[in-house]
Amino acid sequence: MGYDFHAVEAKWQRVWKERGVFEVEADPGKRKFYCLEMFPYPSGALHMGHVRNYSMGDMLARFLRKNGLNVLYPMGFDAFGMPAENAAIKYKTKPHDWTWNNIEYMTSQLKSLGCGYDWRRRVESCNPIYYRWNQWLFLQMHKKGLVYRKQAPVNWCETCGTVLANEQVVSGACWRCETPVVKKNLEQWFIKITDYAQELLDNIDTELTGWPDRVRIMQRNWIGRSDGAKLSFALPELDYTIDAFTTRFDTVFGITFIALAPEHELVGRMIERSPQADDMRDFVAKCAAQSAIERSDASAEKLGFKTQYSGVHPVTGAPVPIWIANYVLMDYGTGAIMGVPAHDQRDFDFARKYGIEIIPVIRPEGEADFRAESMKAAFEEDGITCNSGQFDGLPTQKAIQAMIDWGEEKGYCKREVNFRLRDWLISRQRYWGTPIPFVHCPKCGVVPVPEDQLPVLLPEDVTVQDVGRSPLLDMPEWLNTACPQCGGPAKREAETMDTFFCSSWYFDRYCSAHKAKPSDALPFDKADTDYWMPVDQYIGGIEHACLHLIYARFFTMFLADIGLLKVREPFTNLLTQGMVIKDGAKMSKSLGNVVDPTEMIQKYGADTVRLFILFASPPQNDLDWSEQGVEGAHRFLWRVWRFVEDNADALRNAPSGGVPMSEMSGDDAAFSAARTLKRKIHSTIVSVTRDIEKEKQFNTAIARLMELANALTAFAKGMRSDKLELRLLREGAEVLLNCLSPFCPHIAEELWEMIGGKELLTTFPWPVPEEDALVSESVVIVVQVNGKVRARLNMKAGLSESELREAVLSDPQVQERLAGKKIVKTIAVPDKLVNVVVEA
RNA sequence: GCGAGCGUGGCGGAACGGCAGACGCGCCGGACUUAGGAUCCGGAGCCAUAAGGCGUGGGGGUUCGAGUCCCCCCGCUCGCACCA
């Protein structure tokens, strides 16, 4: 008959669907498990990275289901975004049509992989029934004061024709197309994620213990809390006060200049009044022309412009010259810094270039005579305070605290905390996204669309001409509307939301997506999220460490604050899978090294593809795609097939239920072989269970199954085929197929049926190891002399330390080895090893 | 520059501080074959005919015993990067 994987896979996919085995409901009487994978962007077709991600998730979901948990395992599509617009231009289609075609095609691919999703719950973020709630949630955030508009220099990608959030700028370039990002001064929509910075940070230590350390550290650094103080320099001439933030208030006596970011509002004022206006304007323009990459390159030359103004040092009252400098960032702290060249390398470089005074106020410990003239670089380490009046002699850490205390008391400064995390720039100048539910009224200003008028529908019958301009701007019938407040003519907000908004709560939606109705009052059913949330296991790529995984955490906290969720953290355990590599590089179209999952499924079957991808490397590591490896996996499945088929009659006729250890206590070789197999069967259950559940080492779990298959095949060849042996063989086959089922569900189901399984293996309970089958009767004891292996002795298991020592030392082989040597000591590890230490 | 991680056969990778290299790929040999790029059986870390010796990037240390723990160095990968 042979292994016809196409027929087998189609058959069981149909059966599972007919029996609805993956459809679940919240049931407070059952222990739940929420297994989630990052939903894909419908780019056209699945790539191997998806297949890897979903093979892991499906395997886990199936494993947990067999272990009696009520498993929620859903799938959907993150369907808004740029590529749909680009594709629409390229293929002369509509983003809507292109996206929906892809969704249907990719759904069929996922089904052919055998993933057991509850498809009734599929969400598509471009579906009005979904994005309506994006708008609603945006309005809730607005009500809570978390949404604001601000004119600010923002990151702009020329290629994508839109602004980007901070998290979407990678090394100064667009995260999607790698175009260098430039700053543009625009009025934009922001969400105050920084209100949650502290909780986002605190929970990393207390709540995210099931996350990889790597991701936790990345998030901690991204949020980046700095403790320090704010101090102010008066500028009476312009009736202005310049605020600056510092983490090193202990260096105040070393301030020799103030530097403003070119975008600082004070610079604008100076340009209005100063005789230097033209030069100043030129300098600001020069800085503005720098790309984000140049601007953020720490090694780039620092540019400065000395203004005619000076601020008043808050402590000494001395005048401090004000400069404009390109290395000062407008969006961190206050956009102005106190310059302390002696103790900050950037300030040092700047001061040296422009001849600004350098005053050391900290000296290295033990170096009494520390002068500016001899400094080759800023002294940034801790040391002893000097040139600072009453604080001289204090070590740095003490000085910081003492001086801030004093500064606060005297009114020179105020303690302040700054975060590196910036507010989330949420608007995009793109068409294919969730319309921001606001209206611009000439009379009333920016007015929210009332909730009962949601959704603000995105027109679907739209042709995109080029990326430079959103088609919404050219649709007066959509753009023109009545102001919800005064009823007068008004215009809709034509900008759309960052797609990361959609992906920040889709996992809440899954919990009740199958019951969603247009008349719903809330984005999800609270009873359902109360039961299913949080996600117990989340699986996805590490590239989202500081993107989606921060936004989704913020959303969850917000949803908890408005009473919609009970949990404040969405993902209990996180598994970040590595990339799929081919020929030394990530699979990509431009490198031409992509392997099409559908072709592989055609050629080898879904079970083979799943098996290879889980076996080739541990989940977190990168995985080298190797078609020879795929063939190896395929061969293994063939071997299992042949083993079962060759013994099918015997297995089917042997009674199920296994052979207890007690029935195999005879002394002859056949009994001994049977006991060995029995132990192999049950130790396999133990290690496979542990590898999947605890270690998440799917590759070694599969290796154990291969060993079991090898052992069973060998046993079948050597046996006399008496009743006991056949019963044991059946026990082994059942365990093998049962444990293989989460990995390769179709073939396992088919062979299970072949040996007479009546129930579906997919819902059949995971095997339980028999304790007495795990105990070995004899063990190989390694005998070492001075740490080197000299002999291996077969001994009875369970000997105590002293029994073992005695037995080994009295062994003739060992005695021969030790002849004439003086034994210093003997270490005995029961059931493992004896190390005899002798004099050299 | 700062932070994190990783270095094990020809390759992917296994190893509670206790037999290094499980499992698989590739390779070599054999069987069956008109054939073998199918299947089955066997072999194999390296050096050595063998006894034996040497082996987890390099050097040191702790230990009866180190791939595993500690220190120094080298190399690679990733993240952040003028964050005051």
Side-chain angles (χ1 to χ4, degrees), chain A residues 170-172 212-222 224-226 228 244-249 251 259 261 294-302 325-329 331-340 343-347 349-350 380 418-422 542-543 545-546 578-579 581 611-612 615-618 620-633 635-636 638-639 642 687 697 699-710 713-714 717 780-792 824-829 831-838:
Chain A
V170 177
S171 305
D213 286 344
R214 220 170 126 205
V215 178
R216 298 164 76 201
I217 291 164
M218 281 167 78
Q219 289 212 353
R220 200 175 293 129
N221 293 342
W222 187 263
R225 178 183 160 122
S226 290
F245 172 75
T246 180
T247 52
R248 295 298 301 272
F249 192 73
T251 63
E294 295 170 282
R295 191 71 192 271
S296 67
D297 180 2
S299 60
E301 198 183 5
K302 298 185 175 19
N326 68 337
Y327 73 95
V328 181
L329 306 174
D331 55 359
Y332 183 75
T334 62
I337 59 154
M338 59 178 225
V340 184
H343 304 294
D344 182 290
Q345 190 57 43
R346 296 157 298 176
D347 297 349
D349 294 341
F350 191 75
E380 294 182 317
N418 255 288
F419 291 96
R420 219 191 69 110
L421 182 74
R422 313 290 152 84
I542 189 139
E543 65 272 15
C546 294
M579 288 185 296
I581 301 287
L611 185 70
F612 167 73
F615 177 60
S617 130
Q620 299 87 343
N621 289 21
D622 285 349
L623 178 148
D624 250 311
W625 185 267
S626 140
E627 189 144 348
Q628 284 175 331
V630 178
E631 280 169 4
R635 270 201 296 272
F636 168 70
W638 261 106
R639 277 201 299 276
R642 269 194 301 269
S687 44
Q697 296 261 337
N699 54 330
T700 51
I702 293 168
R704 298 288 92 83
L705 292 176
M706 289 174 168
E707 285 180 33
L708 178 59
N710 293 343
T713 312
K717 279 197 181 122
V780 175
I781 299 291
V782 173
V783 182
Q784 298 181 329
V785 176
N786 285 351
K788 287 200 188 292
V789 179
R790 291 302 181 208
R792 296 190 172 91
V824 180
K825 88 166 135 167
T826 309
I827 284 105
V829 183
D831 290 349
K832 272 210 181 116
L833 136 163
V834 173
N835 187 11
V836 186
V837 185
V838 298

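The sequence lines fix the lettering, A, B, ..., with proteins before strands; numbering per chain opens at 1. Below, all heavy atoms of this structure are taken into account, side chains as well, without hydrogens, waters or symmetry copies.
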Using the [atom1] atom as the point on both nucleotides, what is the distance between [M] and [N], in whole Å?
N     : M     : atom1 : value
B/A31 : B/A38 : C1'   : 14 Å
B/G57 : B/C11 : P     : 13 Å
B/G67 : B/U33 : P     : 49 Å
B/A14 : B/U8  : P     : 12 Å
B/A81 : B/C27 : C1'   : 47 Å
B/G26 : B/C71 : C1'   : 40 Å
B/G9  : B/A22 : C1'   : 14 Å
B/C41 : B/C47 : C1'   : 29 Å

Spacing of [X] atom [atom1] relative to [N] atom [atom2], expressed in whole Å:
X      : N     : atom1 : atom2 : answer
A/R704 : B/A15 : CZ    : C1'   : 9 Å
A/R216 : B/A4  : CZ    : C1'   : 13 Å
A/I217 : B/A4  : CD1   : P     : 6 Å
A/Q628 : B/C27 : CD    : C1'   : 11 Å
A/F615 : B/A14 : CZ    : P     : 10 Å
A/K788 : B/C19 : NZ    : P     : 14 Å
A/N786 : B/A66 : CG    : C1'   : 16 Å
A/F612 : B/G13 : CZ    : C1'   : 12 Å

Seminar exercise, completed: Its glycosidic angle compared against 90° from 0, B/G9 adopts the form syn
For this session: Could you walk me through whether A/T246 and A/V340 pass side-chain contact (heavy atoms from CB on, under 4.5 Å), step by step?
Result: CA-CA 10 Å; A/T246 180; A/V340 184; over 6 Å; no
For this session: Find the distance between CD (A/E380) and CG (A/D344) and round it off to the nearest 0.5 Å.
Result: 5.5 Å
Exercise. When you match A/Q784 and A/P618 each to their closest nucleotide on RNA chain B, which lands nearer the 5' end?
Worked result: A/P618
Let's see if you can work this out: which of [options] has an atom nearest to the side-chain heavy atoms of [X]?
X      : options             : result
A/V789 : B/C40, B/G18, B/C19 : B/C19
A/R792 : B/A22, B/C19, B/G13 : B/C19
A/N835 : B/C23, B/C64, B/C19 : B/C64
A/R642 : B/C54, B/G18, B/C40 : B/C40

With a 4.0 Å cut-off on heavy atoms, is [X] in touch with a base, just the backbone sugar-phosphate, or nothing at all?
X      : result
A/V829 : base
A/N710 : sugar-phosphate
A/D622 : sugar-phosphate

Determine: side-chain N/O of [X] to OP1/OP2 of [N], distance under 4.0 Å, yes or no.
X      : N     : value
A/N621 : B/C6  : no
A/K825 : B/C64 : yes
A/Q697 : B/A14 : yes
A/R790 : B/C19 : no
A/K717 : B/C41 : yes
A/R220 : B/C2  : no

Do [X] and [Y] have side chains that get closer than 4.5 Å, going by heavy atoms?
X      : Y      : value
A/V834 : A/V836 : yes
A/T713 : A/R642 : no
A/R214 : A/I542 : yes

For this session: For the pair A/Q784 and A/I827, evaluate side-chain contact (heavy atoms from CB on, under 4.5 Å) and give the outcome as yes or no after the intermediate values.
Result: CA-CA 10 Å; A/Q784 298 181 329; A/I827 284 105; over 6 Å; no
Exercise. For the residue pair A/L611 and A/A633, what are the closest heavy atoms and their distance?
Worked result: CD2-O, 3.6 Å
Seminar exercise, completed: Closest non-hydrogen contact found for A/R792 with A/V789 is NH2-CG1, 4.0 Å
Problem set entry | side-chain contact (heavy atoms from CB on, under 4.5 Å) partner of A/L833, the single match among A/V783, A/V780, A/V782 | A/V782
Exercise. What string of B, S and - do you get for nucleotides 78-84 of chain B, 5' to 3', if B is base contact, S is sugar-phosphate-only contact and - is no contact with any protein heavy atom under 4.0 Å?
Worked result: SSSSBBB
Problem set entry | Verdict with reasoning, A/R422 to A/Y332, per side-chain contact (heavy atoms from CB on, under 4.5 Å) | CA-CA 8 Å; A/R422 313 290 152 84; A/Y332 183 75; 3.6 Å; yes
Exercise. Does A/R216 come within less than 4.0 Å of A/D213, counting only side-chain N to carboxylate O?
Worked result: yes
Exercise. Within 45° of the six-membered ring axis of A/Y327 and under 6.0 Å from that ring's centre, is NZ or CZ of A/K302 located there?
Worked result: yes
Exercise. Pairing of RNA chain B as dot-bracket, 5' to 3': ( ) intra-strand, [ ] crossing, | other strand, . unpaired, with Watson-Crick or G-U pairs under 3.5 Å?
Worked result: (((((((..(((.....[....))).(((((.......))))).(((....)))..(((((..]....))))))))))))....
